[in-house]
Amino acid sequence: AAFQQRQRESVNLTQMRIAGVGVAALEHQRIAHQHAEAGCTAIPLDVLLLHRWDSETPIEETLRALEDLVRSGKALYVGVSSMPAWRLMKALGLQRGSGYSPFICMQNYYNLLYREEEREMIPLCLEEGLGLTPWSPLARGVLAGGPEGARFREDPLASQRFSPELDAPVLERVHEVARLGLLGER
């Protein structure tokens, strides 16, 4: 609620990844604080997104490091990216039980060609009041130029994640909607 009440022209948002396997809680906190300080000298981050969950580090350690950033004023809110719905719910439960600031958003992989998030993650986020900030909404450029687009040809992950044969019906419909001029009109 407080996030919505603030009226500014921009939002200060960054992502961090706490890399490493089994990093101790103090090291986690040191890395997180250094990252936040590098991203914002005097202005706190509005939202700090944890990019890629480190499943080798105990969840309690990660949540404590994020909470320390909120309590120290370096971040106003925390969010998370790309994890299974069960892990997000576990984190939310631990945040509640510990009195920590809860995640306010989930940055998930979601677009017209990859809609798996509709099964569990999106309903969970809606139920728990988390905002959704999809990454790769244009499917690594496939929805902008199709499999013949430059990004698809140059990006090895695009050819691994998308299949022209399977995606053709969706791409045909996107192109049809675009031809009819239905996008952008209200």
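Numbers here simply count residues along the sequence, with the first being 1. Everything numeric here is computed off the predicted structure, so don't read it as measured data. Side-chain atoms are counted along with the backbone in the values below, which use heavy atoms only and exclude waters and symmetry mates.
Under the ring pair (Phe, Tyr, Trp, His ring centres under 6.0 Å) criterion, Tyr110 pairs with no residue at all, not counting sequence neighbours. Remark: Glu120 pairs with no residue by the salt bridge (Lys or Arg N to Asp or Glu O under 4.0 Å) rule, at least two apart or across chains.
Ser98 places no side-chain N or O within donor-acceptor distance of the main-chain N or O of Gln95, the cut-off being under 3.5 Å.
Residue Leu48 holds its CG atom at 14.0 Å from OH of Tyr77, rounded to the nearest 0.5 Å. Interatomic distance, CG of Leu126 versus CG of Leu132, reported as 6.0 Å (0.5 Å rounding). Going from atom CG of Leu180 over to atom NE2 of His175 covers 13.0 Å, rounded to the nearest 0.5 Å. In this structure, the separation between CD on Glu67 and OG on Ser101 is 4.0 Å, given to the nearest 0.5 Å. Note that CG of Leu166 and CG of Leu113 are 10.0 Å apart. Values are rounded to the nearest 0.5 Å. Summarising the geometry, atom CG belonging to Leu45 is positioned 8.0 Å from atom CG belonging to Leu76; distances are rounded to the nearest 0.5 Å.
Residue Cys105 comes nearest to Leu49 through the heavy atom pair SG-CD2, 3.4 Å, listed as atom of the first residue, atom of the second, then distance. Closest approach of Glu165 and Pro169 over heavy atoms only: O-CD, 4.0 Å. In terms of heavy-atom proximity, Gly73 sits nearest to Pro44 at O-CB, 3.0 Å. For the pair Leu92 and Pro102, the tightest heavy-atom approach, listed with the atom from each and the gap, is CD2-CB, 4.5 Å. Pairing each heavy atom of Ala85 with each of Leu124, the nearest pair is O-CD2, 3.4 Å.
More than 12 heavy-atom neighbours from other residues, nucleotides or ligands sit within 6.0 angstrom of CZ on Arg87. Surrounding CD of Glu118 are more than 12 heavy atoms belonging to other residues, nucleotides or ligands, all under 6.0 Å away.
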How far apart are the C-alpha atoms of Leu130 and Ile104, what are their side-chain angles, what is the distance that settles it, and do they pass the side-chain contact (heavy atoms from CB on, under 4.5 Å) test? CA-CA 5 Å; Leu130 277 72; Ile104 65 158; 5.9 Å; no
Would Val78 and Leu63 count as a side-chain contact (heavy atoms from CB on, under 4.5 Å) if you check the C-alpha gap in whole Å, the side-chain angles of each, and the deciding distance to 0.1 Å? CA-CA 10 Å; Val78 289; Leu63 296 176; over 6 Å; no
Given Arg140 and Phe162, is the side-chain contact (heavy atoms from CB on, under 4.5 Å) satisfied, shown in steps? CA-CA 9 Å; Arg140 300 187 85 80; Phe162 307 105; 4.1 Å; yes
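With a 4.5 Å cut-off on side-chain heavy atoms, Thr133 and Val47 do not count as touching. You'll find the side chain of Met83 reaches within 4.5 Å of the side chain of Met106, heavy atoms only. Proximity of Arg64 to Tyr100: side-chain heavy atoms (C-beta onward) are separated by under 4.5 Å at one or more points. Contact check for Gln107 versus Ser82: no side-chain heavy atoms found under the 4.5 Å cut-off. Counting only heavy atoms from C-beta outward, the side chains of Val142 and Asn111 never approach each other to under 4.5 Å. When side chains are defined from C-beta on, His51 does not count as touching Trp135, because their heavy atoms never get closer than 4.5 Å. Residues Cys125 and Leu88 form a side-chain contact, since some pair of their non-hydrogen atoms from C-beta on lies under 4.5 Å apart.
Sorted by first and then second residue, the salt bridge (charged side-chain N to carboxylate O under 4.0 Å, His left out) pairs with a member in residues 101-114 form an empty list; sequence neighbours excluded.
A salt bridge links Arg173 to Glu176: one of the charged nitrogens lies within less than 4.0 Å of a carboxylate oxygen.
Ring geometry for Phe103 against Trp53 counts as perpendicular: the plane angle is over 60°, on a 0 to 90° scale with 30° as the lower cut.
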